[in-house]
Amino acid sequence: MFEIQSRHAHSRARAGILHTRRGTIRTPFFMPVATQGVLKTLSLPELYGYEQSIDSSTTPIVLSNTYHLYLRPGEKQLQSFGGLHQFAQWPGIILTDSGGFQIFSLKKLNTLTDDGVQFQSHIDGSRHWLTPERSMEIQSAIDSDIWMSFDYFPGYPATEQEVEKSVSLTTAWAKRSLLWHASYWAQHQRPPSLLFGIVQGGAFPHLRKKSAEELTTLDFGGFAIGGLAVGEPEETMYQAIEEVVPLLPERRPRYLMGVGTPDQILQAVRRGVDMFDCVMPTRNARHGTLYTRTEERIVSADLSSLRYEKIQMRAHAWAGSDAPLDAYCACFTCSSGFSRGYLRHLYSIGDPTAARLGTIHNIFFYLSMMREMRDVLSLV
RNA sequence: GGGUCGAUACCAAAGCGGUCAAAUGGGACUGGCUGUAGACCAGUUGGCUUUGCCUUCGAAGGUUCGAAUCCUUCUCGGCCCA
């Protein structure tokens, strides 16, 4: 399922190939976040084309979300369309988050029990139960290719007691997720989806260890590190990664959930992480922050640093500027010849086109950066 | 020419004797966004030697302990009558 192709001489970084039922992906990779089956301003077929144009040797992938798709359009519609791939016209790979993160991000709207969570919809206030089994069931309706087990993350900061509870609940729920997944695919002839477990434990080393040890006794297709980049110091996050990675099986992909900035991704790759997702490139694009290269290559040849700038497109500094957004970028936005002055104008008047052009560019930046990392790792 | 209403910070617009450097919008400027509820949120928007001081509410006078708020004249604008 996962093959390691090469290892970096000066870090734990590795290049590999993850086999899924819908194609293979080269690692390390980044998944754009299409929570509700769209990349907010960009349709999935558009994204597919962009992903392919950046690296044709790997299958495009996006992340989507169980909770959000359950509320709208709902399992029935997803099933009648034959899953999210057909519904959203996405021929690539889909990884679905389990909805566990929404226990945290929508915590004012739910009640936790050992069995699962009762959510109050953020849309109309209606009440819904989400359990490990329901999460699996919904992911089966979405028909995604990589499923995440239903986990519980208490937020940060959290007391040792709260984190302990999140670890034990996450392990219990991981077992239930795994059981459901196994029995579901035993009854179906199609190639099965992968199921990943999620390590919790917050900033407590012994709890991270406990969580990793408990989960790795289970037969997951990959392992995620959850509950990081939520307000803790960056150094704490790196320490947690360094503690957890050696406890995870070498022959399974490692996924750092929700991370992060370009630098954080590089640092995590160096610490042995293979997969990432983050709303940063897309949300920042909508809000006017764009990433640009300062040299032709973003990633340094020794995988030690990145060369880029983060710019505020709304800033007065760009008013009237005829400079290109990013002279080294091949994305639609950059190759169309728009000046920074014009792009600033679009952000300034609040036209949705600004969000679109910015999203295309930032996604290109992130995916190009990952491609460069893979290229560097493949050369060693 | 007569009458009448109005003139407040970048714009619009509250305030109608002290608690006003002046509500609220908009605009502008700065930031922030990390398994996406939120194409959003936050801060600043007269000056300074900033727990306070100075200048400001069309202009000039005046009343008052105290005026953006009351009075007089003027300037400009809207409306009505000639």
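Quick note: numbers below take in every heavy atom, side chains included, and nothing from hydrogens, waters or symmetry partners. Being a predicted model, the structure only gives us computed values, none of them experimental. Below, chain A is the first sequence line, B the second, and so on; all start at residue 1.
Separating the C1' atom of B:G25 from that of B:U8 is a span of 15 Å, rounded to the nearest Å. For B:A28 and B:C11, the C1' atoms lie 11 Å apart once the distance is rounded to whole Å.
With A:F2 as the aromatic partner, A:R251 does not meet the cation-pi criteria of under 6.0 angstrom to the ring centre and within 45 degrees of the ring axis.
At the phosphate of B:U36, OP1 or OP2 sits under 4.0 Å from a side-chain N or O atom of A:N65. OP1 or OP2 of B:G38 sits under 4.0 Å from a side-chain N or O of A:K40. Residue A:Q102 has a polar side-chain atom (N or O) positioned under 4.0 Å from OP1 or OP2 of B:U36. For A:S348, a side-chain nitrogen or oxygen approaches OP1 or OP2 of B:A28 to under 4.0 Å.
Nucleotide B:A37: unpaired (no Watson-Crick or G-U wobble partner with both distances less than 3.5 Å). Across every strand in view, B:A28 sits in a pair with B:U44 that passes the Watson-Crick or G-U test at under 3.5 angstrom. Under the Watson-Crick or G-U wobble criterion, with both distances below 3.5 Å, B:U75 is paired with B:A7. Pairing for B:U56 is absent, judged as Watson-Crick or G-U wobble with the two contacts each under 3.5 Å. In this structure B:G1 sits in a base pair with B:C81, meeting the Watson-Crick or G-U test at under 3.5 Å. Applying the Watson-Crick and G-U wobble criteria (two distances, each under 3.5 Å), B:U69 pairs with nothing in any strand.
A:I363 and A:M373 fall within a single hydrophobic cluster, where Ile, Leu, Val, Met, Phe, Trp and Tyr side chains are chained together by heavy-atom contacts under 4.5 Å.
Judged by distance alone, the side chains of A:Q139 and A:S135 do bring a donor and an acceptor atom under 3.5 Å apart. If you check the side chains of A:H122 and A:Y67, you find a donor sitting under 3.5 Å from an acceptor. Of the N and O atoms on the side chains of A:W147 and A:S144, at least one donor lies less than 3.5 Å from an acceptor on the other residue.
Candidate nucleotides B:U36, B:A39, B:C29 were compared by shortest atom distance to the side chain of A:R283, and B:U36 ranks first. Distances were taken from every side-chain heavy atom of A:M257 (C-beta onward) to each of B:U36, B:G35, B:U34; the shortest belongs to B:G35. For A:R286, counting side-chain heavy atoms from C-beta on, the closest listed nucleotide (B:G35, B:U34, B:A39) is B:A39.
Residue contacts shown for A:T282 include a base, since a base heavy atom lies under 4.0 Å away. Within 4.0 Å (heavy atoms only), A:R314 reaches at least one base atom of the nucleic acid.
If you check distances only, the side chain of A:Q264 does reach the base of B:U34 with a donor-acceptor pair under 3.5 Å. Between the side chain of A:D151 and the base of B:G35, a donor-acceptor pair under 3.5 Å is found. A donor-acceptor contact under 3.5 angstrom links the side-chain atoms of A:H287 to the base of B:C33. For B:U36, the base has no donor-acceptor partner in the side chain of A:S105 [N/O atoms by modelled type, under 3.5 angstrom].
Toward the 5′ end of RNA chain B lies the nearest nucleotide of A:F104, the other residue of the pair A:F104 and A:A355 mapping further downstream.
For A:H316 and B:G27, the NE2 to P distance is 16 Å, given to the nearest whole Å.
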